[in-house]
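Numbers restart at 1 for each chain; the letters A, B, ... are given by sequence-line order, proteins then strands.
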Amino acid sequence: MSKATIYDVAGAARVSLATVSRAINNPEKVKPETRERVLRVIEELGYKPNAFAKGLASRKSTTVAVIVPDMSRASIAEMMNGIADIARVYKYAILLYILDHEETPEEDILKEIVAAQVDGILYLNDEITEKQYDFLLKIKNEYQIPLVLTNTIYPGSDEIPSVSIDYEKAGYEITKKLIEDGRHNIYMVSTVRKYMVNDLKEAGYLRAISEANLTPRIMRTSGRISINTEHFNEYFKDHKVDGIVAVRDSIAVSFMNVARENHVKIPEDISVAGFQNTKYALLARPQLTCVDVPIYDIGAVGMRLLTKLMNQEDITEPRVKLDHSLVLRDSTINT
Amino acid sequence: MKKDFLILNDQGVHARPATALVSKANEFKSNITLTLDRVTVDLKSIMGVLSLGITRGSLVTIEAIGPDEIHALEELEKVVKTLNLK
């Protein structure tokens, strides 16, 4: 049997084409009995409205823009899995914008996204400045496009909803774990570039360190392995260290590799911990102790929150925080 | 109708396993809930389920109330069993 068309539905339900269309797209404009009859016929005939045609006719796409800083980061890739699965459930297509490989300024990319008439925006860039946040607010308020910050947070405002974990608390807990290992010279290895979530991890680290009356030691390096390897070699020549909390797994593993090349034993000489629990944590030897961030879940919940906003449903909490946990492996002593 | 389940897969009810469970629950008309430590959420809500943070070793209760509750619980049990084997 050939595919059922809107003409078949209209004929079988004894209504006009316009009524079929309204029953699907604006059900409140059709009498309930008529609507029920049309929907029953649609089901019987297996009619599927064409998504492209639907978008064209109503001048509304069913598309969300996902803005990511860098697709090659393990956390971003896993987050995309969660986003894509939920987008599929709610029948949204994804338009992907990757900032790191763009010569164009972010503001121009955002303008392009607004012009593309997307229904919503998931913003995964965790380097948000005040200026950027203001621009995002403008998109939300003037252009009425719902936005959700996913795995990033803007501490100054919750006008744009966000989904993340409590990074400050996680930073506190992982640092406390190293203090319990009997470590006194614990470094937080963070990034030179200012990422909002890394600032929160640092705040948690500082709270644990000051509670234990230790000296805070923050080293800032690059997320790029080729650069931070060299930096670690240089920096730790004349800095005493017995504990490392790195803001990303990849940075922690990079540090462990440098330690190994210098015949320093992990965890006997230095306890090392990271953030995220990506596959790098499992692939490293020793396997890496880290904060497990439910990154797929953050993506999934971010996308779900956005679908609620796009459907103008009420949301109870603008700042959604998911649970994290500590995963203890062989890069710490764990007595 | 309700049933207890011990969650034994490494990820707990997170990520794809959670999405699979919620998608299955949405195929039924019954009201379906998931309870962990006296906190009950709608099993048809991805945000509710993921907010529970169900880890490996958790004991959860799934309850279905409605016209297709028996079938729903059977099918959900199948999903949980597949997930636990992985």
Side-chain angles (χ1 to χ4, degrees), chain A residues 75 77-91 148 150-151 161-166 169-170 276-279 281-282 291-309 311 313-329, chain B residues 5-62 67-68 72 75-76 78-80 82-84 86:
Chain A
S75 57
E78 182 62 16
M79 211 172 349
M80 281 307 298
N81 281 338
I83 293 168
D85 283 357
I86 301 301
R88 208 175 149 69
V89 170
Y90 290 93
K91 300 188 171 59
V148 173
T150 311
N151 200 33
S162 63
V163 181
S164 70
I165 65 159
D166 188 339
K169 186 165 169 248
Q276 209 78 275
N277 202 15
T278 57
K279 57 187 154 193
L282 279 172
V291 172
D292 178 82
V293 180
I295 199 72
Y296 173 103
D297 299 6
I298 291 175
V301 170
M303 184 64 210
R304 176 63 186 119
L305 191 60
L306 188 63
T307 62
K308 286 191 176 192
L309 293 169
N311 292 325
E313 287 172 45
D314 283 335
I315 57 165
T316 43
E317 174 58 52
R319 272 191 189 165
V320 180
K321 292 220 170 107
L322 297 180
D323 283 346
H324 62 268
S325 59
L326 295 191
V327 181
L328 302 181
R329 299 203 183 94
Chain B
F5 295 96
L6 190 57
I7 302 301
L8 290 174
N9 75 315
D10 279 343
Q11 287 177 299
V13 183
H14 283 289
R16 287 241 157 83
T19 314
L21 213 51
V22 172
S23 299
K24 184 52 82 182
N26 273 297
E27 291 174 13
F28 299 97
K29 288 199 177 77
S30 297
N31 280 321
I32 306 176
T33 58
L34 178 72
T35 306
L36 172 81
D37 287 343
R38 294 181 195 169
V39 181
T40 299
V41 299
D42 184 356
L43 188 57
K44 294 181 182 181
S45 151
I46 190 76
M47 289 182 67
V49 172
L50 291 179
S51 73
L52 280 183
I54 301 169
T55 51
R56 185 191 160 96
S58 303
L59 185 67
V60 301
T61 308
I62 295 178
D68 50 6
E75 289 297 311
L76 287 165
K78 275 187 210 161
V79 177
V80 173
T82 330
L83 298 177
N84 279 347
K86 273 176 193 165

Engineer: Looking at B/Val49, B/Ile46, B/Leu50, which one forms a side-chain contact (heavy atoms from CB on, under 4.5 Å) with B/Thr19?
Structural biologist: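 Filter result, single survivor: B/Ile46.
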Engineer: Give, as side chain, backbone, both or neither, the part of A/Val89 having an atom under 4.5 angstrom from any heavy atom of chain B.
Structural biologist: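 For A/Val89, the side chain is the part near chain B, not the backbone.
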Engineer: Is it the backbone or the side chain of A/Asn81 that comes under 4.5 Å from a heavy atom of chain B, or both, or neither?
Structural biologist: both
Engineer: For A/Pro318 and A/Thr316, which heavy atoms make the closest approach, and how far apart are they?
Structural biologist: CD-O, 4.1 Å
Engineer: Examine whether an atom of A/Lys321 lies under 4.5 Å from a heavy atom of chain B, and if so say whether it belongs to the side chain, the backbone or both; otherwise answer neither.
Structural biologist: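 Neither the backbone nor the side chain of A/Lys321 comes within 4.5 Å of chain B.
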Engineer: Given that the side chain runs from C-beta out, which part of B/Ala15 has a heavy atom under 4.5 Å from chain A: side chain, backbone, both or neither?
Structural biologist: both
Engineer: Does any backbone or side-chain atom of A/Ile86 lie under 4.5 Å from a heavy atom of chain B? Answer side chain, backbone, both or neither.
Structural biologist: side chain
Engineer: Mind checking whether A/Thr150 and A/Ile298 have side chains closer than 4.5 Å, heavy atoms only?
Structural biologist: yes
Engineer: With a 4.5 angstrom heavy-atom cut-off, is it the side chain or the backbone of A/Val163 that approaches chain B, or both, or neither?
Structural biologist: neither
Engineer: Taking 4.0 angstrom as the limit, do B/Asp68 and B/Lys29 come out as a salt bridge?
Structural biologist: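 Answer for the salt bridge query: no.
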Engineer: Do A/Leu326 and A/Val291 touch side chain to side chain, with heavy atoms closer than 4.5 Å?
Structural biologist: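 Yes, close enough: below the 4.5 Å cut-off.
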